[in-house]
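Reviewing the structure listed below.
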Amino acid sequence: MAVPVILDCDPGHDDAFNILLAAAHPAVELLAITTVAGNQSLEKTTLNARRVCDAAGLDDVPVAAGRDSPLHGRPRLAEDIHGRTGLDGPGWGAGEPRVPLDPRDALTLIRDTLLAHPVPVTLVPTGPLTNIATLLLAHPELTPRIERIVLMGGSTDRGNTTPAAEFNILCDPEAADIVLTSGLPVTMFGLNATHQVRATPDVVARIAALDTPLSRLCVELLTFFAATYREVYGFDAPPLHDPLTVAHLIDPSLISLVRAAVSVELTGTYTRGATVVDLDGVTGVAPHVDVGMEVDVPGFWDLIVEAVRVLGTRTDET
Ligand code: BDR
Ligand code: CA
């Protein structure tokens with residue numbers, strides 16, 4: 001049976017590929033997409049989610065906007081990585097996407113979806129955890145409707161936004177703490193795992209060879225992403241962080257997991273937003289999070305290329 005999923009995201013180049021993967025693969029039933037401020041403002045991430053749905057021919061999945069700022073403090077953007085639109089690279093044009101914005105807010109859409117679905121649903125957040133934390137606080141009665149949370153964020157080692165903190169967690173550390181201490185099963189794919197999957201020129205060439213409008217758009221996205229990752233981090237090729245989440249749901253054997261206690265640093269002079277992952281079990285805190293470790297990199301890219309191929313064929317037919 002396909003895994004029923006709600007994506008909560010901030011597209012974002014890697015979020016965009018996660019939407020494509022979830023839309024394309026029969027092992028996933030994509031029920032809804034909700035957006036949050038993160039890589040760009042809420043307005044832009046929401047527009048981008050709809051644009052990606054358009055490109056993927058995904059017109060039967062509701063898209064709703066969530067929180068425009070973290071639980072505390074001001075939003076932090078990643079314009080240096082994802083550009084002014086949040087999804088720079090392709091020429092998106094000025095027109096409105098065909099896929100409409102759902103009139104409900106993200107919390108209402110998630111709530112309605114959880115209540116309507118016959119079995120518990122997996123939440124897949126790939127941006128700051130503001131929407132998910134707000135949902136858990138506002139609707140504790142819904143937790144039995146949530147199967148598990150599979151998120152991109154944090155790291156077992158260093159950060160990418162400060163020396164200690166990864167972007168998604170640093171944007172809203174209090175929200176991350178609420179999610180990680182919720183008692184729900186959480187699987188976390190952090191930078192230690194996501195930095196293994198880099199969109200090298202041979203991967204980009206495989207996507208380009210598909211030669212569809214969607215594959216050309218994907219190449220434009222990856223080309224922009226490669227340029228900013230080279231400029232900001234000196235990486236040879238950009239890591240496609242977020243799709244590790246859906247790849248794990250499609251094929252759990254792709255990424256090894258270890259169970260460990262994970263705490264979010266909420267104070268710290270230099271370490272706010274760090275995920276402290278107790279791999280050696282020295283803190284005495286019971287291990288409660290499944291943490292992604294080693295990735296089958298070729299297997300991951302096979303899934304991504306196949307997703308672009310499948311959706312490219314579908315959109316060519318319409
Ligand atoms: C995370 O931050 C965002 O820029 C990416 O979309 C990803 O979710 C990586 O740190
Ligand atoms: Ca993201």
Side-chain angles (χ1 to χ4, degrees), residues 8-18 21 36 38-39 70 76-82 124-129 132 149-173 175-177 179-180 186-200 203 222 225-249 254-266 268 270-280 289-297 299-301 304:
D8 182 65
C9 56
D10 62 337
H13 294 68
D14 51 332
D15 303 81
F17 279 88
N18 207 31
L21 189 55
V36 66
N39 287 321
R76 166 192 287 274
L77 309 179
E79 188 155 320
D80 55 343
I81 299 295
H82 298 274
V124 180
T126 60
L129 287 154
I132 306 300
I149 297 176
V150 178
L151 64 89
M152 189 280 139
S155 181
T156 60
D157 33 61
R158 291 173 66 83
N160 61 357
T161 308
T162 69
E166 181 276 332
F167 178 78
N168 287 341
I169 306 296
L170 182 64
C171 283
D172 198 338
D177 181 55
V179 170
L180 286 167
V186 175
T187 303
M188 163 184 143
F189 294 104
L191 302 176
N192 60 294
T194 67
H195 279 183
Q196 295 167 47
V197 288
R198 305 209 184 180
T200 53
V203 167
L222 290 174
F225 206 37
T228 57
Y229 255 89
R230 198 176 306 116
E231 194 177 313
V232 175
Y233 294 112
F235 280 25
D236 285 346
L240 208 64
H241 310 275
D242 293 341
L244 281 194
T245 54
V246 168
H248 161 75
L249 294 175
L254 273 184
I255 309 146
S256 67
L257 301 174
V258 296
R259 184 158 288 197
V262 180
S263 312
V264 180
E265 181 63 273
L266 297 178
Y270 305 109
T271 54
R272 178 168 157 80
T275 45
V276 181
V277 183
D278 183 14
L279 291 175
D280 297 321
V289 177
D290 288 319
V291 180
M293 300 300 285
E294 298 302 320
V295 184
D296 169 355
V297 176
F300 171 82
W301 287 117
I304 297 290

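Quantities reported herein were computed from a predicted structural model and do not represent experimental measurements.
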Please examine the side chains of [Y] and [X], heavy atoms only from C-beta on, and report whether any two atoms are closer than 4.5 Å.
X    : Y    : answer
R198 : D236 : no
P243 : F300 : yes
Y270 : T162 : no
V124 : N18  : yes
H13  : I81  : no
L129 : I169 : yes
M188 : T275 : yes
T194 : Q196 : no

Heavy-atom closest pair, residues [X] and [Y]:
X    : Y    : value
A260 : L279 : CB-CD2, 4.3 Å
A199 : L222 : CB-CD2, 4.0 Å
A165 : R272 : CB-O, 3.4 Å
D172 : P70  : OD2-CA, 3.2 Å
V277 : S155 : CG2-O, 3.5 Å

Side-chain ([X]) to main-chain ([Y]) donor-acceptor, under 3.5 angstrom:
X    : Y    : result
Y233 : P238 : no
T245 : D242 : yes
E166 : G154 : yes
N192 : G292 : yes

Taking only residues two or more places apart in sequence or in another chain, which ones pass side-chain hydrogen bond (donor to acceptor under 3.5 Å, both in side chains) with [X]?
X    : result
D290 : R259
R158 : none
T187 : R148
D14  : none

Between I255 and D296, does the side chain to side chain contact (heavy atoms under 4.5 Å, CB included) criterion hold? Intermediate values first, please. CA-CA 6 Å; I255 309 146; D296 169 355; over 6 Å; no
Can you sort out the partners of F167 under ring-ring contact (aromatic ring centres under 6.0 Å, His included), two or more places apart, ordered by chain and number?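 Expected list: none.
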Spacing of S263 atom OG and D177 atom CG [to the nearest 0.5 Å]: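 Going from OG on S263 over to CG on D177, the span is 8.0 Å.
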Count the heavy atoms of every other residue, nucleotide or ligand shown that sit under 6.0 Å from CG of D80, and state whether that count exceeds 12.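 Correct, the count exceeds 12.
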Aromatic ring pairing F235/H195, orientation class (parallel under 30°, perpendicular over 60°, tilted between):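 If you compare the ring of F235 with that of H195, the planes turn out perpendicular.
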Apply side chain to side chain donor-acceptor pair (under 3.5 Å) to N39 and D10, showing your working. CA-CA 6 Å; N39 287 321; D10 62 337; 3.2 Å; yes
With sequence neighbours excluded, what pairs up with C9 under the side-chain contact (heavy atoms from CB on, under 4.5 Å) test?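 C9 satisfies side-chain contact (heavy atoms from CB on, under 4.5 Å) with P11, D15, I19, I33, T126 only.
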Give the intermediate values and the outcome of side chain to side chain contact (heavy atoms under 4.5 Å, CB included) for residues T228 and H82. CA-CA 8 Å; T228 57; H82 298 274; over 6 Å; no
Hey, which of V289, T156, V276 is the one that makes side chain to side chain contact (heavy atoms under 4.5 Å, CB included) with V262?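 Per the side chain to side chain contact (heavy atoms under 4.5 Å, CB included) rule, the option paired with V262 is V289, out of V289, T156, V276.
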Between F189 and H248, is the ring centroid distance below 6.0 Å?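 Centroid distance F189-H248: below 6.0 Å, so yes.
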CA sep, side-chain torsions, deciding dist, call: W301, T200, side chain to side chain contact (heavy atoms under 4.5 Å, CB included): CA-CA 10 Å; W301 287 117; T200 53; 5.8 Å; no
